[in-house]
Structures are given as structure tokens and as C-alpha cells.
Protein chains: 2
Amino acid sequence: MKKLTATGGAPTEPLALASSELGQRLPMVMSLLGRSLRHAYTPIGVNLGQYPVLNSLLEHPESSVSELAARERVKLPSMTAVVNQMEADGLVAKQPDLNDRRCVRVSLTGRGREVAGAARLARAAWFAERLDHLSSAEVSAISRALPALEHLVHLDH
Amino acid sequence: MKKLTATGGAPTEPLALASSELGQRLPMVMSLLGRSLRHAYTPIGVNLGQYPVLNSLLEHPESSVSELAARERVKLPSMTAVVNQMEADGLVAKQPDLNDRRCVRVSLTGRGREVAGAARLARAAWFAERLDHLSSAEVSAISRALPALEHLVHLDH
DNA sequence: GTGAGCTAATTAGTTATCCTAATAACATGA
DNA sequence: TCATGTTATTAGGATAACTAATTAGCTCAC
């Protein structure tokens with residue numbers, strides 16, 4: 001009954017994991033995965049902070065800096081810095097908002113759109129390569145947990 | 001209802017999420033959760049880099065700096081810096097390895113052990129508070145995905 | 001034994017992400 | 001109109017990571 005399976009074999013036990021156990025292991029996984037991911041980004045020419053902004057702008061064109069900051073859960077000055085760097089890199093353009101002149105509307109340039117697409121592909125490939133080493137049961141377990149994880153993340157919103 | 005079950009399948013929905021979809025959304029979740037987590041750490045008096053080292057030393061006392069670096073998937077110089085800071089903070093002590101004098105054995109001080117325990121509790125509490133807002137189905141979905149996520153992370157060995 | 005080559009740790013210097021506090025410009029409503 | 005709130009920026013600093021170069025110690029082939 002009590003099998004301490006260190007291997008990532010079949011994760012299909014009844015499994016009532018204590019929340020302290022979850023709180024212990026999930027963050028560990030997150031931090032390690034985040035670190036791996038950083039290495040995956042750099043060759044694309046986009047860094048960890050820029051990529052989500054690119055994506056965000058694909059779905060919400062003409063965002064203000066505040067909106068971008070809120071979506072990424074960073075403070076305004078942090079987002080200002082990211083956007084400025086991206087502007088210098090030719091990925092985004094800033095335009096004044098005519099209705100509210102305090103705001104700056106940020107939009108993707110053509111190059112930004114290209115890079116966003118390329119980065120998306122590169123990341124998907126990076127991920128797919130890893131998922132290949134998992135059983136289909138494991139992939140499906142992760143898939144099923146995704147909505148819950150997204151819910152968890154959006155709680156602070 | 002069509003059910004294409006994987007090996008030893010769980011009695012749950014089919015759900016074939018495209019790997020590109022997973023590769024898109026999972027990293028997003030990771031990065032946001034990581035950011036939330038950073039805020040959770042600071043009040044404890046341990047930072048994001050130190051906490052895993054504390055934990056690692058609970059399970060593997062007398063680790064060398066290299067071993068710690070490998071476990072955290074960071075380069076040696078990064079771990080040297082973390083360990084030095086922790087030594088200055090009185091959380092760990094360094095001792096020479098008598099068998100191999102190139103190595104430095106790192107161990108928890110009494111204070112390090114205390115802080116590790118406190119940090120563990122604080123993080124569990126932070127997490128539990130969040131899990132309270134999820135349904136038990138969601139929590140269980142995350143629990144079931146955890147071994148798979150750990151497997152994913154450990155692929156880079 | 002001893003020198004070539006490996007491994008462990010450090011130092012120095014750089015980059016990327018974040019933050020807070022202070023300012024400036026604009027908007028809104030009493 | 002002016003007090004208060006919002007948007008964005010600047011300045012300055014803390015973390016967290018990296019590469020490259022250096023020092024020290026181990027190992028083994030010869």
C-alpha cells in the first residue's frame with residue numbers, strides 16, 4: 001500500500017496529497033521548470049520578460065503600459081523598462097492615446113509580430129521535445145491540471 | 001462517450017490537449033506563479049534562491065557546493081554566491097572536506113534549521129490559503145499532475 | 001614521482017528582472 | 001478650480017542568474 005515511488009511511473013493512485021505536500025513540491029517544480037525555460041528562450045532573441053508581452057499584444061493590441069503590467073502582475077516601472085527595451089529592439093511601437101493623454105498605447109511592429117510567431121514555435125518545439133519523454137498518461141495528467149493551475153494563478157487578480 | 005484511454009488510464013475525460021497548447025499555457029502559468037511566490041517569500045526572511053538550498057540541506061546534510069548547484073540546476077558560481085550570503089546570514093556553515101580538500105561541505109546551523117522549518121510552514125500556509133479557493137476536483141487534478149511535472153523537470157537530469 | 005588534465009570553488013564583471021520612491025503630466029469630480 | 005487619483009517615467013537599488021578566468025587539489029599514465 002505504501003509505496004514510495006520515486007520514479008515518475010503511473011500517477012494514477014487515489015492520492016489525497018496533503019496541501020502542505022503540494023505547497024512543498026509544486027513551487028519546487030515551478031522554479032526548476034522556470035529555470036529550464038529561461039535557457040530555452042534566449043536563443044530565440046526574446047527574453048523571459050518580453051515574451052509574455054509579445055503574446056499579450058497579439059491578443060490585446062493597443063494595450064497601455066498599465067494594462068500590460070497588470071496582465072503580467074508586475075509593477076508599472078518594471079513594465080515601462082520592458083516596453084522601452086522592446087521599442088529599442090524594434091518589436092513594439094508607442095503611440096499617444098488621444099482620448100486620455102496620460103496613456104501610451106503599445107502595439108506590435110511587423111517585426112514584433114514575426115518574432116512573436118517564431119518564439120511561439122520555438123517554445124512549442126522545446127516543450128514537445130520534452131513531452132515526448134513522458135507517457136501519454138503523464139501528459140494527460142498535466143493537461144487535466146492546467147485549468148486548475150490557471151485558476152490558482154488568477155486568484156490574485 | 002468516446003474514451004481513448006492511455007495505459008492504466010484514470011477514469012476521467014478523454015481530453016487530448018495539443019502539445020503546442022500545453023507548451024503555450026503551462027509556461028505562462030509557471031511564470032505567473034513564480035512571480036506570486038516571490039512576494040510570498042520575502043516576509044519570511046529567506047529569498048527565492050535560499051529557500052531551496054535550506055530544503056536541500058535538510059534532506060542532504062553536508063552537501064558540497066557543486067552538489068547543491070546541480071540539485072538546483074544553477075551554475076557553480078551562482079551557488080557560491082547564494083551559500084556565501086547564507087553563511088553571512090548565519091543560516092549555514094562551511095567546513096573543509098578532509099577526504100577531498102577541494103570540496104567545501106555546507107551544513108545547516110541551528111538557526112538555519114529553525115528558519116527552514118518556519119519557511120516551510122509559512123509557505124504551506126500561503127499555499128493552503130490559495131488552495132482553499134479551488135474545488136477539491138481542482139486540487140486533486142493538480143495533485144495527480146505533480147509526479148508528471150516532476151518527471152518533466154527531471155528530464156534534463 | 002611528476003606533470004597533464006580533470007574537478008571544486010572562487011572572483012570579477014555582466015545581464016536580466018524585479019522593486020520602491022519621487023516626479024511630472026493629465027483627468028475627474030465636488 | 002483645485003484636490004485627489006491615475007498614468008507613465010526616471011533614478012536607484014536588490015536579486016538571481018550567467019560566462020570567463022583563476023586558484024587549488026586530485027588522479028593517473030607514464
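Below, chains carry the letters A, B, ... as their sequence lines are ordered, and counting in each starts from 1. No experiment lies behind these values; they were computed from the predicted model shown.
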Reading DNA chain D 5' to 3', which nucleotide is the first, and which the last, to come under 4.0 Å of any heavy atom in chain A? D:dG5 to D:dA17
Please check the phosphate of C:dC19 (OP1 and OP2 only) for any side-chain N or O of A:S78 closer than 4.0 Å. yes
For a 4.5 angstrom cut-off between non-hydrogen side-chain atoms, does [X] reach [Y]?
X: A:V82; Y: A:M86; result: yes
X: A:L152; Y: B:L131; result: yes
X: A:L108; Y: A:L91; result: no

Give, ordered by number, those residues of residues 62-69 of chain A having at least one heavy-atom distance below 4.0 Å to an atom of DNA chain D; if nothing qualifies, reply none. A:S64, A:V65, A:S66
Identify, residue by residue, the members of residues 80-90 of chain A with a heavy atom below 4.0 Å from DNA chain D, and return them in order of residue number, or none. A:T80, A:N84
Quick one: ring-ring contact (aromatic ring centres under 6.0 Å, His included) pairs with a partner in residues 45-79 of chain A, sequence neighbours left out? A:Y41-A:Y51
Set of side chain to side chain contact (heavy atoms under 4.5 Å, CB included) partners for B:S64, sequence neighbours left out: B:S66, B:E67, B:R105
Can you hop from [X] to [Y] via hydrophobic side chains spaced under 4.5 Å?
X: B:L149; Y: A:M28; answer: no
X: A:L155; Y: A:M30; answer: yes
X: A:L32; Y: A:L26; answer: yes
X: B:V29; Y: A:L58; answer: yes

Enumerate the protein-to-nucleotides 23-30 of chain C contacts in which both atoms are nitrogen or oxygen and the separation is below 3.5 Å.
from   : atom 1 : to     : atom 2 : distance (Å)
C:dA27 : OP1    : A:R101 : N      : 3.0

Flag yes if more than 12 heavy atoms outside B:K94 fall under 6.0 Å of its NZ atom; otherwise flag no. yes
